[in-house]
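We count residues from 1, following the sequence as given. This is a predicted model, so every value here is computed, not measured. Numbering of ligands and ligand atoms starts at 1, following listing order.
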Amino acid sequence: MSELVIDDAPFSDSPVGTGRLIVVSNRIPKSNEVPAGGLVNAMHEALTGAGGLWIGAADPSEQALDGLTRIGSGDYDRATFAITEAEHIGYYLGYSNSVLWPLFHHRPDLLDISESEFEAYAAVNRRVARAIASTVKPDDLIWIQDYHFLMVAQELRALGIANRIGLFLHIPFPNPTDVMALPQVAALSSWLAAHDIVGLQTMRDVTSANEVLRHDPKAQVLRGGKWLRENRTFSVLSFPIGIDAEKFAKTAEAARKPDLQLADDAPLLIGVDRLDYSKGLVQRFEAFDDYLSRRAKGDPRPTFLQIAPPSREDVAAYQEIREELERTAGSINGAHADLDWTPLRYVRRHVDRDLIAGLYRRADAALVTPLADGMNIVAKEFVAAQDAEDPGVLILSHFAGAAEQMDAALLINPFDKRSFSDAIDRAIHMPLEERRERHQTLREGVFEKDIRWWTDSFLARLSQVRP
Ligand code: G6P
């Protein structure tokens, strides 16, 4: 198939084994400046090591032409596929973020189902498959990221593409009961089966995926995480994503001490999350409220700094969580603040990564307490940012994927306000020796299974597949 590139020369050859790495994710940095954190940062790290081509969505336009538009080259090439305004609504705001996102985060009650939005999702997945097919060479590895592209591999197979294809889902996998709320539930296992490797964050997710596949009469379980479905074998495996721990630790060490206008002995708690209902922000605020109501009067007054940049603001569920959070924050400060003390500082905007690294290092505890989360890399960044001599305490929800690896944290149930607020008290008063011990264990894990480990282990498994 001929290469279809809208602007100039063909994409560079940058070998992984014998072929290139082609990564697809919905979000892609539009400039050479890579935004901090999350999926986008992980992809940047992966491609900087391996080289290759990164494909992502362009900003919506009036017309969506087929093919790819180059938007940058360096250690790797970047290119976008086009989507229309209507597709942005149907594919991104609609099926991806009003159906798949809530469902996969165990919130079927928030589903907003629309046939035409699914059609837009399918159309965008087909266009992405055609764009990949126009540039792919026989030995290239194709690595699809996240829930925006569950149908791309199936479309590629329909176009006759026999390359090795991996999917990594950054979010949790739904259980077999919740998944029945998906109108396309009958097709889900055929989407998965079109990949060679389906990578999930945790063993918990692998168990859910296996249970969902077991309900499909066409799927047959083989050994070692493998499945057979209509003459195709594929594997479902866990690859918990990591961070560039060394780089983040250095950033935190070099960061200027943040000017928070706090007394040196005032305990600082920190939370950093996209403003999303899955993050458990209301429950977190309420647990802090409970702690404030019960704390010993002689203790230094704590400050809880919550940074929550807004996200997906055109989806109703996000507007609702934003309003609820504002009400809760207002009433907590109303009840507990004093002339010279604001216990809860709620910052609803983006804060630079370097500044965040410095804040983590200054903080006495981090509240990473989602109700459902694929991994949550804030937990790992907080640990990497600490001064090992005087580390802060990680309070981590059982429902973050990170809890599977980070059991030296104070693990909490975010739905149980009283035990959550007890954990805040315990973190604030934890003796130095216990803090050091817990931190050392956590730090070893974060540094060992870092972003390079994650990329290498996924790509090694994918390369081993016989096309
Ligand atoms: C999660 C998803 C990513 C997504 C990110 C930001 O981490 O797994 O795929 O890119 O959130 O969300 P947004 O909708 O702003 O891209």
Side-chain angles (χ1 to χ4, degrees), residues 23-30 34-46 54-60 78 80-81 83 87-107 110 112 117 120-121 124-125 128 143-150 152 166-174 198-202 205 239-243 272-281 307-319 321-322 348-351 353 368 370-381 399-402 451 454 458:
V23 166
V24 191
S25 67
N26 175 65
R27 268 217 192 259
I28 188 168
K30 299 287 157 49
V34 177
L39 181 154
V40 162
N41 206 254
M43 289 307 107
H44 170 70
E45 301 294 341
W54 183 356
I55 299 171
D59 294 332
R78 273 182 292 123
T80 53
F81 61 88
I83 58 169
E87 283 170 345
H88 173 74
I89 295 170
Y91 144 80
Y92 172 77
L93 296 173
Y95 196 71
S96 294
N97 286 313
S98 305
V99 176
L100 296 174
W101 179 273
L103 183 73
F104 283 42
H105 286 85
H106 319 302
R107 291 297 303 272
L110 292 179
D112 187 357
E117 292 184 341
Y121 180 87
V124 170
N125 274 234
V128 171
W143 194 9
I144 297 168
Q145 306 297 319
D146 236 354
Y147 57 102
H148 310 87
F149 303 116
L150 294 182
V152 166
L167 167 71
F168 187 77
L169 199 63
H170 292 252
I171 64 175
F173 201 90
V198 174
L200 303 173
Q201 296 276 23
T202 64
D205 298 316
F239 299 89
I241 199 167
I243 60 162
V272 179
D273 307 78
R274 264 183 326 102
L275 210 177
D276 194 294
Y277 49 79
S278 64
K279 302 292 183 185
L281 295 168
I307 298 170
S311 161
R312 307 171 194 169
E313 289 175 280
D314 294 327
V315 176
Y318 287 79
Q319 290 158 10
I321 183 71
R322 174 175 160 165
R348 203 193 58 229
R349 65 175 172 81
H350 169 81
V351 173
R353 190 171 170 77
V368 181
L371 310 180
D373 213 333
M375 174 55 55
N376 199 305
I377 62 171
V378 167
K380 296 187 174 182
E381 290 179 341
F399 303 109
I451 187 65
W454 177 76
F458 191 98

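A donor-acceptor contact closer than 3.5 angstrom links the side chains of Tyr147 and Asn97.
The closest non-hydrogen atom to atom 11 (O) of ligand 1, taken over Glu313, Arg27, Met43, Arg312, comes from Arg312.
In this structure, atom 7 (O) of ligand 1 is not in close contact with the protein, since no protein heavy atom lies within 4.0 Å of it.
Neither the backbone nor the side chain of Asn26 has a heavy atom within less than 4.0 Å of ligand 1.
Closest to atom 9 (O) of ligand 1, if we only count protein heavy atoms, is Asp146 OD2, 2.5 Å.
A ring-centre distance under 6.0 Å is not found for Tyr318 and Trp101.
Checking only distances, Tyr92 does come within under 3.5 Å of ligand 1, N or O to N or O.
Arg348 is listed as a side-chain neighbour of Pro310, based on a closest heavy-atom distance under 4.5 Å.
Shown in contact with Ile171 at under 4.0 Å from a heavy atom are these atoms of ligand 1, numbered in order with element: 8 (O). For ligand 1, the atoms lying closer than 4.0 Å to a non-hydrogen atom of His148 are 9 (O). Near Leu39, meaning under 4.0 Å from any of its heavy atoms, are these atoms of ligand 1: 3 (C), 9 (O). The distance from ligand 1 to the heavy atoms of His170 drops below 4.0 Å at these ligand atoms: 8 (O).
Partners of Lys279 under the salt bridge (Lys or Arg N to Asp or Glu O under 4.0 Å) rule, at least two apart in sequence or in another chain, are Asp373. Every residue was checked against the side-chain hydrogen bond (donor to acceptor under 3.5 Å, both in side chains) condition with His106, not counting sequence neighbours, and none meets it.
With respect to the salt-bridge test (charged N to carboxylate O, under 4.0 angstrom), the residues Arg312 and Asp276 qualify.
Contact analysis leaves Gln145 out of contact with ligand 1, as no non-hydrogen atom separation drops below 4.0 angstrom.
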Practice item. Determine, step by step, whether Arg78 and Ile28 satisfy the side chain to side chain contact (heavy atoms under 4.5 Å, CB included) criterion, reporting the C-alpha distance in whole Å, the side-chain angles of both residues, the deciding distance to 0.1 Å, and the verdict. Key: CA-CA 8 Å; Arg78 273 182 292 123; Ile28 188 168; 4.0 Å; yes

